[in-house]
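I have placed the structure first, in the form of structure tokens, so that the comments after it can refer back to it.
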Amino acid sequence: MYKVAVIGDKDSVYGFAALGLSVFFADEENEARTIFKKLTSQDYSIIYITERLASLLEDEIEKFSFQPTPAIILIPGVHGNTGKGMESVKKSVEKAVGSDIISDV
């Protein structure tokens with residue numbers, strides 16, 4: 001059975017535990033990298049990660065961009081949002097639909 005994980009600082013991801021997701025706290029790059037590698041080698045089909053940590057792990061995340069699992073999804077956190085999460089969603093929608101149907105108004 002596949003699982004869903006969330007990686008980020010405690011303030012940003014703590015609430016996901018109430019939804020039954022596996023929550024992993026990380027504040028620094030080394031912590032996040034270790035957790036990310038562990039999760040990608042296990043049965044996690046979706047890994048949510050805060051934008052701030054994702055920006056530190058771009059090289060690791062890129063390795064999974066053309067694989068069906070795990071899906072790596074960037075989420076905004078309490079600190080250090082970069083807008084990459086929304087950019088990623090827009091690219092995915094454009095790829096699936098063939099045009100940009102999500103535009104800033």
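A parallel orientation is assigned to the rings of Phe16 and Tyr48, their planes being inclined by less than 30° (bins at 30° and 60°). Ring geometry for Tyr44 against Phe24 counts as perpendicular: the plane angle is over 60°, on a 0 to 90° scale with 30° as the lower cut.
In this structure, Thr40 has no side-chain hydrogen bond (donor to acceptor under 3.5 Å, both in side chains) partners at least two apart in sequence or on a different chain. Residues satisfying the side-chain hydrogen bond (donor to acceptor under 3.5 Å, both in side chains) test with Asp59, not counting sequence neighbours, are Arg33.
Contact detail for Gly8 and Leu53: the closest heavy-atom pair is CA-CD1, 3.5 Å.
Going from atom OG of Ser55 over to atom CD1 of Ile61 covers 8.5 Å, rounded to the nearest 0.5 Å. Residue Glu62 holds its CD atom at 11.5 Å from CD1 of Ile72, rounded to the nearest 0.5 Å. We find the CG-OG1 distance between Leu74 and Thr50 to be 8.0 Å, quoted to the nearest 0.5 Å. To the nearest 0.5 angstrom, Lys63 atom NZ is 13.5 Å from Glu58 atom CD. Here the CZ atom belonging to Arg52 is positioned 12.0 Å from the CD1 atom belonging to Ile75, to the nearest 0.5 angstrom.
Side-chain contact between Val23 and Ile7: absent, with no pair of heavy atoms (C-beta onward) separated by less than 4.5 Å. For the pair Ile73 and Ile49, the minimum side-chain heavy-atom distance is 4.5 Å or more.
Here the side chain of Glu31 pairs a donor or acceptor atom with the backbone of Glu28 at under 3.5 angstrom.
Put simply, Tyr2 and Ile47 are part of two different groups of oily side chains (I, L, V, M, F, W, Y) that touch within less than 4.5 Å, one to the next.
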Give the intermediate values and the outcome of side chain to side chain contact (heavy atoms under 4.5 Å, CB included) for residues Val13 and Phe25.
CA-CA 8 Å; Val13 301; Phe25 304 122; 3.8 Å; yes
